[in-house]
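Notes follow the structure.
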2 protein chains.
Amino acid sequence: MAVANQPKKPQAKSGRKLSDAGGTRRRTGSEDSKTRATLIDVTERLMLRDGYAAVTSRRVAVEAGVTAPLVHYYFPSLDDLFVAVLRRRAEQQVVRQARLLAGEEPLRALWAFNTDRKSARFLTEFIGLANHRKSIRGEISAYAERFRAIELAAIEAAVADGRIDLGGLSPAGILVLLSTSSRGLVNEEAIGMSTGHEEVHALVEQLLARAEGRT
Amino acid sequence: MAVANQPKKPQAKSGRKLSDAGGTRRRTGSEDSKTRATLIDVTERLMLRDGYAAVTSRRVAVEAGVTAPLVHYYFPSLDDLFVAVLRRRAEQQVVRQARLLAGEEPLRALWAFNTDRKSARFLTEFIGLANHRKSIRGEISAYAERFRAIELAAIEAAVADGRIDLGGLSPAGILVLLSTSSRGLVNEEAIGMSTGHEEVHALVEQLLARAEGRT
DNA sequence: GTCTATACTTCGATAGAC
DNA sequence: GTCTATCGAAGTATAGAC
C-alpha cells in the first residue's frame with residue numbers, strides 16, 4: 001500500500017507568470033552577474049542545438065557548471081530565462097540589422113541577415129516557444145514585428161530613392177516572402193532536407209540582381 | 001515541461017531506438033484497436049494546440065480517458081507515438097495532395113495545400129520535433145522530402161505540357177519558395193503577427209495568375 | 001549578494017495482475 | 001487484450017544557510 005501519491009497542497013500550481021505574480025518577490029541575482037550571463041549563453045546554445053523543449057533548469061545548470069536551484073535564483077521561472085535570452089539576442093540583432101540595412105543593397109543584406117543559421121534558428125525556436133508558452137507570446141511577437149517594421153521601412157526607403165526597383169511588386173510582400181522562406185530553408189537544412197535548396201538560392205539571387213542590379 | 005525523461009539504462013548508448021532495441025519486445029496493442037486510434041487523435045490535437053513538447057504519456061492518457069501506462073502499452077516509447085502520428089497523417093496527405101495536384105492549376109493547389117493551417121502547423125511541429133528527438137529525425141525528413149519530390153514532379157510535368165509558364169524560373173526554386181513561406185505565414189499568424197501578410201497573399205496571387213493565367 | 005538543501009510534482013517506462 | 005501498482009529519474013521551484 002504505502003505511499004500512493006497523496007493529494008498535495010494546493011500549492012500555487014506553477015502559474016506561468018513572469019517573475020512574480022504580485023506579492024512577495026523572491027530575491028534574484030544581479031543583472032550584471034557573470035553567472036547570469038553564462039546561463040543565458042548556455043540556454044542559447046541548448047535552444048539552437050536541441051530546441052526550446054530541451055531547456056530545463058537542470059540541463060542548463062549542468063552545462064553551466066552550477067546547480068539547478070541557482071538557475072532559479074537568477075531566473076525565478078524558466079519563462080524569465082527565455083525572455084532574458086530573447087531580449088539580449090534582440091538587442092544585439094537590432095544593432096547588426098541597422099548596420100546591414102543602411103548599405104546600398106538592403107534586399108541582399110536582408111537575405112543574408114535572415115539566412116544566417118543562428119538568427120533563423122532562433123526565430124523559429126521562439127515562434128515555437130510562443131506557441132507553447134502563451135505567457136511570453138506577446139513579448140516574442142512584439143519583437144518580431146518590430147524587426148519587420150524596421151526592415152519594411154528600409155526597403156520602402158530604398159524603393160523611394162531608387163536604390164532598388166521591385167518592378168511594382170509590394171515591398172511588404174517581398175519582405176515577408178524572403179523572411180519566411182529564408183527561415184524555412186535553414187530549418188529544413190537543419191533536419192537534413194536539401195531538395196530544391198540550391199535552386200531557391202539561385203532564384204533569389206536572380207531576383208535580387210534584377211532589383212538591385214549586378215549579377 | 002515534459003521533455004524527455006530518458007531511462008538511464010545501460011542499453012546500448014547508441015541513442016534511442018523505436019520500440020525495442022533488439023531483444024525482448026514488450027507486448028503491444030493491436031494495430032486496429034480503437035483505443036490506439038484515439039491516442040493518435042489526441043496526440044495530434046495536443047501537438048496542434050500546445051506543441052510537441054506538451055505531449056506526455058500522462059496528458060495523452062487524460063485526454064483520451066485512459067491511464068498513462070496504457071499509452072505505453074500501445075506505444076512503448078513516446079517516439080513510437082510521434083512516428084505513428086506522422087505516418088497516419090502522411091498517408092492521409094498523400095491522397096489529398098495527389099487529388100489537388102492533378103488539376104489544372106497545380107501551383108494554386110500547392111499554395112492552398114500548404115497554407116492550410118493544420119498541415120502547416122503539423123509540419124512545423126515535426127520539424128521542431130526532429131530537432132529535439134534526433135532518433136526520429138530521419139523518418140521525418142524522409143517524409144518531407146517525399147512530399148516535395150511529388151510536388152516537384154507535378155510542377156515539372158505542368159511546365160512540360162504547357163499548363164503553367166514559370167517564365168524560365170526554376171520549378172524547384174519556386175516550389176521551395178512557396179512551401180517555406182506558406183508555412184512561415186501560418187506560424188506567424190498563429191502567434192499574432194500580421195504585418196505584410198495580406199501583401200504576400202496578394203503578391204503570390206499575382207505571381208500565380210501570371211504563371212497559370214486567370215486573375 | 002550568492003548558493004545549497006530540499007520539497008514536491010510529473011515524467012517515461014516496466015512488471016505483472018486481471 | 002487491458003489496466004493497476006509502482007519505480008527511479010528528472011522537472012520546477014522555494015526556503016534558508018552562508
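Quick caveat: nothing in here was measured; it's all calculated off a predicted structure.
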Using the side chain to side chain contact (heavy atoms under 4.5 Å, CB included) criterion, which residues pair with [X]? Sequence neighbours excluded.
X	value
Glu44(B)	Val85(B), Arg88(B), Arg89(B), Phe122(B)
Val200(B)	Val176(A), Leu177(A), Leu185(B), Val204(B)
Ala109(A)	Leu100(A)
Glu198(A)	none

Nucleotide [N], atom [atom2] - distance to [atom1] of [X] in whole Å:
X	N	atom1	atom2	result
Leu39(B)	dG12(C)	CG	C1'	15 Å
Arg59(B)	dG11(D)	CZ	P	15 Å
Tyr52(A)	dT12(D)	OH	P	14 Å
Asp80(B)	dT14(C)	CG	C1'	15 Å
Phe75(B)	dC3(D)	CZ	P	14 Å

Side chain to side chain donor-acceptor pair (under 3.5 Å) against Thr35(B), all qualifying residues, sequence neighbours excluded:
none

Who passes side chain to side chain donor-acceptor pair (under 3.5 Å) against Glu189(B), sequence neighbours left out?
Arg117(B)

Just jot down the ring-ring contact (aromatic ring centres under 6.0 Å, His included) partners of Phe82(A), sequence neighbours excluded, or say none.
none

Enumerate all atom pairs, one protein N or O and one N or O from nucleotides 16-18 of chain D, separated by less than 3.5 Å.
from, atom 1, to, atom 2, distance (Å)
dA17(D), N6, Arg27(A), NH2, 2.9

Quick test of your reading of the model: are Lys134(B) and Asp50(A) salt-bridged, counting only N-O distances below 4.0 Å?
yes

Pairing of Arg59(B) and Glu63(B) as salt bridge, 4.0 angstrom limit
no

Looking at Ser57(A), does any N or O in its side chain come under 4.0 Å of the phosphate oxygens OP1/OP2 on dG11(D)?
no

With a cut-off of less than 4.0 Å, is there a side-chain N or O of His72(A) near OP1 or OP2 of dT12(D)?
no

5'-most contact on DNA chain D: Thr35(B) or Leu70(A), nearest heavy atom basis?
Thr35(B)

Counting side-chain heavy atoms from C-beta on, which of dA13(D), dA10(D), dA13(C) comes nearest to Arg58(A)?
dA10(D)

Measure from the side chain of Tyr74(A), starting at C-beta and using heavy atoms only, and say which of dT2(C), dA13(D), dG11(D) lies closest.
dT2(C)

In residues 62-69 of chain A, which residues come under 4.0 Å of DNA chain C by heavy atom?
Thr67(A), Pro69(A)

